Amino acid sequence: MVALIDCNNFYASCERVFNPSLIGRPVVVLSNNDGCVIARSSEAKKVGIEMGVPAFKAADLFKKHNVAVYSANFALYGDMSRRVMSVLAGFTPNQEVYSIDECFLDLSGIQEDMRWYGLKMKDKVWQWTGIPVGIGIAPTKALAKIANRIAKKYPSQTGGCHVIDSDEKRLKALKWLPVADIWGVGRKSAMKLNAIGVTKAIDFIQLPESWVRKNMTITGVNLQRELKGIPSIDIVELEKAKSFSVTRTFEKEYDTFDEVKERLITFTSLAAAKVRAQQSLCRRMLIFLQTNFYKDSEEQIARSVEVRLPFPTSSTLEIVDFVVAGLKQIYEPHRHYKRAGVTLYDFIDTINLQPALFPEMNSDPRHERLMDAVDRINHRTKGGVRLASMDAKTFKMHRNHLSREFTTNINDILEVKCD
DNA sequence: TCTGGGGTCCTAGGACCC
DNA sequence: TCTGGGGTCCTAGGACCC
């Protein structure tokens, strides 16, 4: 059996852990720049605040319902996620952390009653972290996803944990679930399926494999098998990431080369640090910039370029030179830029590096120790050292409703007063 | 005034190899 | 008149996920 555990309204729940006065009150968390709603407590959903709605459009609702509004605090959410995951890791040797707020657990070999085991997980996460979770348990990952959905949809009947452990329960769930809500069926596939009269998951599993293969690739075939109860999507332990991106919408429009360049260098140095942290070297990158496509008054553009590094490297100093060269290729003067970003990818492991015959065709070996020193300092002291070409401010965002870094910064630790 | 960010996987078709 | 067969690698773009 496989369990899928996911945190309820995760970001909103994180804010609530450290501020009990938010219990029972609608809570929303906004994206970077305080742009859109990206998380809502159940109370916030109830008063009609939609996912993804721009904050300025929901301002009236916020006011009317006394909504507690927060700027995204990823330092806090990331740390709370690690805590939740580590509690759950104690329930099986095989855990796949699937996203910041959910994971799969391989429960094969566990002798306990599944429902009891699931409820135990839920209680323990709640007690140790203060985060509420929903739990689905089933023979395959795709079915566990559905079980989880049922657990959340019917909390009073399921107690927040639903187990699919018989064909009867499986078929009942498949009759209930719209195809569009199957994990792995997105908008396009749902449209195709609806067009041929397939509306529920139960209809989907009856389609001939040839149709599924043709219209939804091998991914669809695997999905179909999973829903029939045949495991076809592996549970994979955390591997190294295959790419790292840092992209931002700016707080204002930038219209000089130097301003955009400074932002991209800052983004690159963050991405490169992640590459080094997982002992990888980067061989390619993508740089993009865009003007403000919400503005109709002028022509809007989006440009991107792929840059191949002449040698694999994780040195910020080296990568930055190629960022600037790439930017020169795509930068158009007299534009008002609103968004830009960099993606580093095509990694090899540091230990697998095959150096070129001539030294000048390799990454400068001295940078390895230099970057190591930089990373150590920055680990201890936030914003400790940076390139002179970077601004002192890492992200220039509006964050007007930011909570404290309760668990990662000693100066922000929660104080409790006792009378 | 104001509109997010970060990932993975699959496939077709071109280029190239022997 | 008639011109093989089998394979790998790369990449852009699509689809999907949270």
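FYI, side chains are in, hydrogens and waters are out, and symmetry mates aren't considered; it's all heavy atoms of this structure. First the proteins, then the strands, lettered A, B, ... as listed; each starts at 1. All of these numbers come straight from a predicted model, not from anything done at the bench.
If you take CE of A:Met51 and C1' of B:dG4, they are 10 Å apart, rounded to a whole angstrom. Between A:Met191 atom CE and C:dA15 atom C1' there is a gap of 13 Å when expressed in whole angstrom units. For A:Ile233 and B:dT8, the CD1 to C1' distance is 13 Å, given to the nearest whole Å. We find that CG of A:Asp346 is positioned 12 Å from P of C:dA12, with the value rounded to whole Å. Summarising the geometry, the separation between OH on A:Tyr345 and P on B:dG6 is reported as 16 Å, rounded to the nearest angstrom. Put simply, NZ on A:Lys63 is 20 Å from P on B:dC2, counting in whole angstrom units. Taking atom OH on A:Tyr77 and atom C1' on B:dG4, their separation rounds to 13 Å, with Å as the unit. Atom pair A:His336:NE2 and B:dC2:P shows a separation of 13 Å (rounding to whole Å applied).
The aromatic rings of A:Phe395 and A:Phe267 lie tilted to each other, with the angle between the two planes from 30° to 60°. The aromatic rings of A:Phe406 and A:Phe18 sit parallel, their planes meeting at an angle under 30°, below the 60° perpendicular limit.
Nearer to the 5' terminus of DNA chain B, by closest-nucleotide assignment, is the contact made by A:Gly35 (compared with the other of A:Ser245 and A:Gly35). Remark on DNA chain B: of its neighbouring residues A:Arg248 and A:Lys338, the 5'-side contact belongs to A:Lys338, judged by nearest-heavy-atom nucleotide.
Between the side chains of A:Thr407 and A:Asp79, at least one donor N or O lies within less than 3.5 Å of an accepting N or O. With no hydrogens or angles considered, a side-chain donor-acceptor pair links A:Glu318 and A:Ser363 at under 3.5 Å. In this model, no donor atom of one side chain and acceptor atom of the other lie less than 3.5 Å apart for A:Thr247 and A:Ser245. Side-chain contact annotation: A:Thr92 with A:Asn94, donor-acceptor N/O pair under 3.5 Å absent.
For the pair A:Ser189 and C:dC16, the criterion of a side-chain N or O lying under 4.0 Å from OP1 or OP2 is met. Phosphate contact (OP1/OP2 of B:dT3, side-chain N/O of A:Arg339, threshold under 4.0 Å): absent.
Judged by distance alone, with hydrogens and angles left aside, the side-chain atoms of A:Lys124 form no donor-acceptor pair with the main-chain N or O of A:Val87 at under 3.5 Å.
Classification of A:Asp6 and A:Lys152 as a salt-bridged pair holds, one side-chain N sitting under 4.0 Å from a carboxylate O. With respect to A:Arg263 and A:Asp391, no salt bridge is recorded, no charged nitrogen being found less than 4.0 Å from a carboxylate O. Using a 4.0 Å cut-off between charged side-chain N and carboxylate O, A:Glu102 and A:Lys145 make a salt bridge.
Nearest to the side-chain atoms of A:Glu306 among the listed nucleotides C:dA15, C:dC17, C:dA12 stands C:dA12. Which of B:dG4, B:dC2, C:dA15 sits closest to the side chain of A:Lys188 comes down to C:dA15. Across B:dT3, C:dA15, C:dC17, the shortest atom-to-atom separation from the side chain of A:Trp183 is found for C:dC17. When the nucleotides B:dG5, C:dC16, C:dC18 are ranked by their closest atom to the side chain of A:Lys145, C:dC18 comes out on top.
The stretch residues 90-104 of chain A comes close to DNA chain C through A:Tyr98, A:Ser99, A:Asp101, A:Glu102, each having a heavy atom under 4.0 Å from the strand.
Exactly one residue among A:Tyr254, A:Phe250, A:Tyr331 makes a ring pair (Phe, Tyr, Trp, His ring centres under 6.0 Å) with A:Tyr337. That residue is A:Tyr331.
When heavy atoms are screened at a 4.0 angstrom cut-off, A:Phe74 is found touching no nucleic acid atom at all. Using a 4.0 Å heavy-atom cutoff across all strands shown, A:Ala241 reaches sugar-phosphate atoms only and no base atom. Residue contacts for A:Val53: at a heavy-atom cut-off of 4.0 Å it reaches no nucleic acid atom on any strand shown.
Scanning all heavy atoms of the two residues, the minimum distance from A:Ser71 to A:Tyr77 falls at O-OH, 3.8 Å.
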Please list each protein N or O that sits under 3.5 Å from an N or O in nucleotides 9-11 of chain B, with the distance.
residue	atom	partner	partner atom	Å
B:dC9	OP2	A:Lys242	NZ	2.9
B:dT11	OP1	A:Arg213	NH2	3.0
B:dT11	OP1	A:Ile218	N	3.4

DNA chain B in dot-bracket, Watson-Crick or G-U pairs under 3.5 Å, [ ] crossing, | other strand? ....||||||||||||||

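Here A:Met114 contributes atom CE and A:Leu119 contributes atom CG; the two are 12.5 Å apart, rounded to the nearest 0.5 Å.
When the P atom is compared between B:dT3 and C:dC18, the two are found 26 Å apart, to the nearest whole Å.
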